[in-house]
Amino acid sequence: MKKYQKLNRREALKLMAAGSTLAGSGLYARTDVLSAKGAALTHPASHKHARIVIAGGGTAGIIAAARTRRAAPNAEITLISPNEKHLYQSGALFRAAGLMSEHEMVRDTSSFFPDNVRWLQEKVTAFDPQKSIVESEKSGKIPYDVLIVALGCAYDYGAIEGMDAEKVGRDGVLSIYLNDTIEGSAKGAELSHALFQKLQGDVVTATKPLEVLFCEPDTPIKGKGSALSLMMLYLDLLKKKGGSQKVRFTYVTPSSQLLDEKEFDEALKKILKKHRNVEILYGHTLQKLDTASKKATLVSGDKSVERGYDYIHITPPMHAHPLVRDSALAVADGPQKGWMDVDPATLRHRKYENIFGLGDVIALDYAKSGGAVQHQGIILQDNIAAALEEDKLTYHYDGYTVAPVVTAYGKVLLAEYNSQKALPTFFLDPYEPRVIWWWLQRYFMPWAYFNLLMRGMM
Ligand SMILES: Cc1cc2nc3c(=O)[nH]c(=O)nc-3n(C[C@H](O)[C@H](O)[C@H](O)COP(=O)(O)OP(=O)(O)OC[C@H]3O[C@@H](n4cnc5c(N)ncnc54)[C@H](O)[C@@H]3O)c2cc1C
């Protein structure tokens, strides 16, 4: 057993207590009448014979299928999504550090389908919300009574001058984000791991510290905290091999905060201050990359600076899936332009009452995580039943999201919050990185994701 994986008696007692909280929190609750937190759903299931179409079969689409099945047992539910495989995207962090296998991250999409949900394994090609029709690649026009949009977000590596997805894995460019949710592959994590191994070799022969940049974009992102986690995990792994003094990490962010909630942000900044070879460059965005000369141009307001690097990790700019971004379903203007225009409390489209959205595609910039989808799924279950009965939608999403940040090998800060405050699931001090949260993220969550969450049981 590795040094950091040992639990002392106090931690073990806390883990047991946390386990009982998990069980008590409704993990095994009756999901027809209870939410994941054990709270009663506000609306009983609707027995109407409605046609419900779900666009997208990733985390949000599959959870929506499981929960809609319970909300509307007599409905004809169709899920349209091309991916034969399903990728556990959160695993990319551990994969990039060589701590998780591909096998642990991928399952057959068909293994998650609830009974009586029809799967059209093809792409949606257009929405016609005026006529309540979805168009798909092979099946053509599909009419619906209720539409649930769960198409996720798209990467835009090309928005950084000189950069494109093909450059990941070459010339010192890492990106754990690069993946293909249609193929079910986590290419970026594998390529990043290979480059980290190269970096470890370079450290041995380096005569001056290697410069490693981590750059966050100025768009909303999913998996907040993942790049920071990678930086701190790499730093700690290098430390264990005695090479950390020969590496300087710079984390570049357009924001003045690392996490969206103030107290978690402060807790994280305090931890980072202890690392002398980590610099945080606030208020800066990567504008241009010259991979041949290994130079990054960073902008801050009207100023720009050039930074040389040996390795650079890129979190790509992100926007809503193009089918939503370029449709009448998108927010037309303002900072959320292009993301799906839903009421943040009910998840119902602001203009089209028979359309709902959940997951990364919706216009909530800080709440793009699997944890956010878990909570949104419960709200959806209640509100779909209410909408079918033409009742008021009374169960409201509180904006919960989670950004687990690895602060060292074996330690995780479990940042659970909404835009106003911390929303810890457990009773332990949430601002403290803990071994048990490492166990939760590395071992429990991959299992729970496939066996509970994706079946709408969590
Ligand atoms: C590196 C990384 C680390 C992360 N870490 C965490 C973490 O630690 N904790 C956490 O909670 N979350 C984490 N996340 C975020 C989490 O994975 C996402 O928020 C979640 O998967 C969002 O689900 P979604 O269904 O909205 O999108 P996706 O899961 O991306 O699903 C979109 C689906 O749409 C389908 N699709 C695409 N085009 C079409 C089309 N034309 N027609 C029909 N279907 C289509 C795709 O096949 C895909 O199945 C991380 C993500 C990444 C990338």
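Atoms within each ligand, like the ligands themselves, are counted from 1 in listed order. Throughout, numbering of the chain's residues begins at 1 and tracks the sequence.
For an aromatic pair to be called close, the ring centres must be under 6.0 Å apart, and Trp438 with Phe94 satisfies this.
Between Phe444 and Trp447, the ring-plane angle classifies as tilted under the 30° and 60° cut-offs. Between Phe450 and Phe112, the angle of the ring planes stays under 30°, which puts this pair in the parallel group of the 30/60° scheme. Between Tyr157 and Tyr155, the two ring planes are perpendicular [angle over 60°; tilted spans 30° to 60°].
Taking every heavy atom of Pro404 and a limit of under 4.0 angstrom, the matching atoms of ligand 1 come to 8 (O). Atoms of ligand 1 lying under 4.0 Å from at least one heavy atom of Pro82, given by number and element, are 43 (C), 44 (N), 45 (C). Interface atoms of ligand 1 facing Gly56, defined by a heavy-atom separation under 4.0 Å, are 34 (O), 44 (N). Ligand 1 places these atoms under 4.0 Å from at least one heavy atom of Tyr177: 53 (C). Interface of Gly359 with ligand 1, defined as ligand atoms under 4.0 Å from a residue heavy atom, comprises 26 (O).
At a heavy-atom cutoff of 4.0 Å, ligand 1 is contacted by the side chain of Ser226 but not by its backbone. When non-hydrogen atoms are compared, ligand 1 lies under 4.0 Å from the backbone of Lys368 (N, CA, C, O) but not from its side chain. At a 4.0 Å heavy-atom cut-off, ligand 1 touches Tyr155 through the side chain alone.
When atom types are taken as modelled, the side chain of Arg325 and the backbone of Gly338 share no donor-acceptor pair closer than 3.5 angstrom. In this structure, Asn418 contributes its side chain and Asp398 its backbone to a donor-acceptor pair below 3.5 Å. A side-chain donor-acceptor contact under 3.5 Å links Lys368 to the backbone of Leu364. Thr250 contributes no side-chain N or O that, together with a main-chain N or O of Leu213, makes up a donor-acceptor pair within less than 3.5 Å.
Look at Glu104 and Arg442 and you find a salt bridge, because one of the NZ, NE, NH1 or NH2 atoms lies within 4.0 Å of a carboxylate O, short of that distance. For Glu266 and Lys262, the salt-bridge test passes: some basic side-chain N is under 4.0 Å from an acidic carboxylate O.
Among all non-hydrogen protein atoms, the one lying nearest atom 47 (O) of ligand 1 is Asn83 OD1, 3.0 Å. Among all protein heavy atoms, the one lying closest to atom 7 (C) of ligand 1 is Ser90 OG, 3.2 Å. Among protein heavy atoms, the minimum distance from atom 14 (N) of ligand 1 is reached at Gly223 CA, 3.6 Å. The protein heavy-atom contact nearest to atom 19 (O) of ligand 1 is Asp360 OD1, 2.8 Å. Considering only non-hydrogen protein atoms, atom 27 (O) of ligand 1 sits nearest to Gly152 CA, 3.5 Å. Nearest protein neighbour of atom 25 (O) of ligand 1, counting heavy atoms only, is Ala60 N, 2.7 Å. Among protein heavy atoms, atom 16 (C) of ligand 1 sits closest to Gly370 N, 3.6 Å. For atom 38 (N) of ligand 1, the nearest non-hydrogen atom of the protein is His321 NE2, 2.9 Å.
Within the set Gln89, Glu183, Gln376, the minimum heavy-atom distance to atom 53 (C) of ligand 1 is found for Gln89. For the residues Ile80, Thr125, Thr181, the heavy atom positioned nearest atom 48 (C) of ligand 1 is part of Thr181. Of the options Ile63, Leu151, Val324, Val149, the smallest heavy-atom separation from atom 36 (N) of ligand 1 is shown by Leu151. Selection from Leu120, Val402, Thr59, Asn179 by nearest heavy atom to atom 20 (C) of ligand 1 gives Thr59.
Inclusion of Tyr449 in the set of residues having an N or O under 3.5 Å from an N or O of ligand 1 is not warranted. At least one N/O-N/O distance between Gly371 and ligand 1 falls below 3.5 Å. Annotation: Val124 places an N or O atom under 3.5 Å from an N or O atom of ligand 1; distance criterion only. Between Gly58 and ligand 1, at least one pair of N/O atoms sits closer than 3.5 Å.
Within 6.0 Å of CD in Glu84 there are 12 or fewer heavy atoms belonging to other residues, nucleotides or ligands. Residue Lys421 qualifies as open at atom NZ: its count of foreign heavy atoms under 6.0 Å is 12 or below. Atom CD of Glu161 is surrounded by 12 or fewer heavy atoms from other residues, nucleotides or ligands within 6.0 Å.
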- Using the ring pair (Phe, Tyr, Trp, His ring centres under 6.0 Å) rule, take Phe196 and His313 through it: C-alpha gap first, then chi angles, then the decisive distance, then the call. CA-CA 11 Å; Phe196 180 57; His313 178 275; over 10 Å; no

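Heavy atoms of Leu93 come nearer than 4.0 angstrom to ligand 1 in no pair at all. Heavy-atom separations between Ser81 and ligand 1 include at least one value shorter than 4.0 Å.
Here the options are Arg69, Arg51, Arg118, the test is side chain to side chain contact (heavy atoms under 4.5 Å, CB included), and the partner is Ile77; only Arg69 passes.
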